[in-house]
Amino acid sequence: MFKRVIITILCVFLSVPVLSKNISGDWHNDLRTLFLRNGAIIYTINIRTFNAKDLNGNELIDENEESGNFINAIDELDNLSKMGINTLHILPITPVGKIKAFGTAGSLYAMSGFDSINPQLLSKYTSSNGILQAKRFVKECHKRNIRVIIDLPSCGAYDLYVEHPEYFVKDENNSPVVPLDWTDVRLFDCGDEKQVNEDLFLLHKKFIDMVISIGADGIRADVARLKSYKFWSELIKYAREKDSEFLFLAEASNLWTEPVSKYALNTSVDKLFEAGFDGYLGSYVEFKNMKTAKEFISTVQNDIKLFKKYDNQKACVGAFSTHDEVSPILIKGENFSKMLIWLNTTLPLNSYYIDGFPTGDTYNYQWANKNAQNSQTDDEYYFTHNGKIDIFNFSRKPGGKNYSIYNEFVLANKFKNYYAQDLYNSKFVCLKTSNPKVYSYARVMGNQTVVVIGNMDFKSAQDVVVKVPKLKPNKKILNLRISENVKNEYSNGKIKTKLKAGEIQVLLVKNLVF
């Protein structure tokens, strides 16, 4: 009987359709509302690789093969919809630099223009221009109820510096400033809190105009702290006058306290939120280094406390793994990926994943950092960041063969979509555990409560007793996510279990009130 109940519940989640609200063809942006209610399930893609056709299997897109582009990317949108994705974060679509470049195609973040589409992302099988191809792609996303966020790079390519040196910060030797070790880009001079650089501000307005013209629903601002409160507040105001639901997501964290250069601004998260940003990446990227439940739960509670400071609602994303991070499979294995899925699903935040994550891609390319036979840039190597999705070359479509992760990914997203309203209205309750390596929390959703228990030790199993006030052994408990052959003991106010290494349990308890 119990197994039949679980199977019924899973079938309900898996059968929940991602319905399009765009049947009439008229799209009305609702991304800010969705995001601020923690309802976005965001999937990050690089158009250049998203549906690349690697026919010979060498993991590169050769001259006779088709690189990812806005048109062939449309073919993959139904798959995203089936996975429960409702928002796309598209890595930069602006033209890229070719001088002092990284990789044979150039880094997506080495922008050489603001108001046009990177020609590398265009299909050769249609005569329409870049704006029209991008617009067609976004329209197809909207048909499937998928919103679109476009990435805004923070720095300019060396090519742009050569053409317009007046756009860039200079050091004491009148040389353009290289932030950190990003030697393919130079630091923009966007002004300070006293005065905005009008030339750069105009270019950013053109970027906003272009993004809105293709129908996108928001932007993600790369290294947002490099621009001032004044710059962002004026730019956000400009965008919101055109579209009040236009999302501004900051790549920012309270962990990043050091400036990227002594010549660079380092605007705080507080000031970014005051300027009008709706959310930020937060501190979850450090989860992989945390050893105790206290560290992790404090991160969640700090965000909840932080957001209460502002009159306007704020939110964050579950940036446990991004395009800047090594694949979770390489960090702590399959269980780590599965844990990140359920944390994204059950925590008070927006889910956030990178292309290739659902099937366990390691992003290990056989040709990485070797001499290149051909190059569109002045780099003679296939430059990559080992274990990270490639953003520098014409490479294969991201993806692995781990269908165990994929199945949990789909189930978790269906669960989040099904309970979106209940999760938004629920409160986050930290539950006490007997083991410092095990965290536990609850999300109280009316007459149903989600209880999550996770082992932060990815090498050893851990015994734990979780205190769950008012829990009775006769409560109806559904195991949404629990390892095979694990048997929990339920008693008055307690759950006793032995978690496997890196295991996360997700339980749905009826009529449990805190």
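Predicted, not measured: the structure shown is a model, and the values here were computed from it.
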Option among Gln462, Glu503, Met456 that satisfies the side-chain contact (heavy atoms from CB on, under 4.5 Å) test with Val438: Gln462
Given Tyr381, Tyr382, Phe383, the one that forms side-chain contact (heavy atoms from CB on, under 4.5 Å) with Asn369: Phe383
Test log, rule salt bridge (Lys or Arg N to Asp or Glu O under 4.0 Å), inputs Asp361 and Arg396: CA-CA 12 Å; Asp361 197 341; Arg396 63 164 171 82; 2.9 Å; yes
Backbone N/O of Val464 and side chain of Asn435: donor-acceptor pair under 3.5 Å: no
Those residues that, when tested against Lys397, pass salt bridge (charged side-chain N to carboxylate O under 4.0 Å, His left out) (two or more places apart): Glu76
With sequence neighbours excluded, residues passing salt bridge (charged side-chain N to carboxylate O under 4.0 Å, His left out) with Arg32: Asp278
Distance in Å, Leu349 CG paired with Cys316 SG, rounded so as to fall on 0.5 Å steps: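 If I round to the nearest 0.5 Å, the distance is 5.0 Å.
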Counterpart residues, side-chain hydrogen bond (donor to acceptor under 3.5 Å, both in side chains), relative to Thr345 (two or more places apart): none
Mutual orientation of the aromatic rings belonging to Phe320 and Tyr284 [parallel < 30°, tilted 30-60°, perpendicular > 60°]: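 Geometry flag for Tyr284 against Phe320: tilted rings.
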Student check: side-chain heavy atoms of Glu334 and Lys338 closer than 4.5 Å: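 Yes; the side chains approach each other to less than 4.5 Å.
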Axial cation check for Phe394 ring with Arg48, 6.0 Å and 45° limits: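 Positive - Arg48 is close enough to the ring of Phe394 and near enough to its axis.
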Salt bridge (Lys or Arg N to Asp or Glu O under 4.0 Å) assessment of Glu140 paired with Arg144: CA-CA 7 Å; Glu140 292 295 330; Arg144 295 160 176 82; 2.9 Å; yes
Test log, rule salt bridge (Lys or Arg N to Asp or Glu O under 4.0 Å), inputs Lys288 and Glu325: CA-CA 10 Å; Lys288 62 182 180 293; Glu325 299 300 315; 3.1 Å; yes
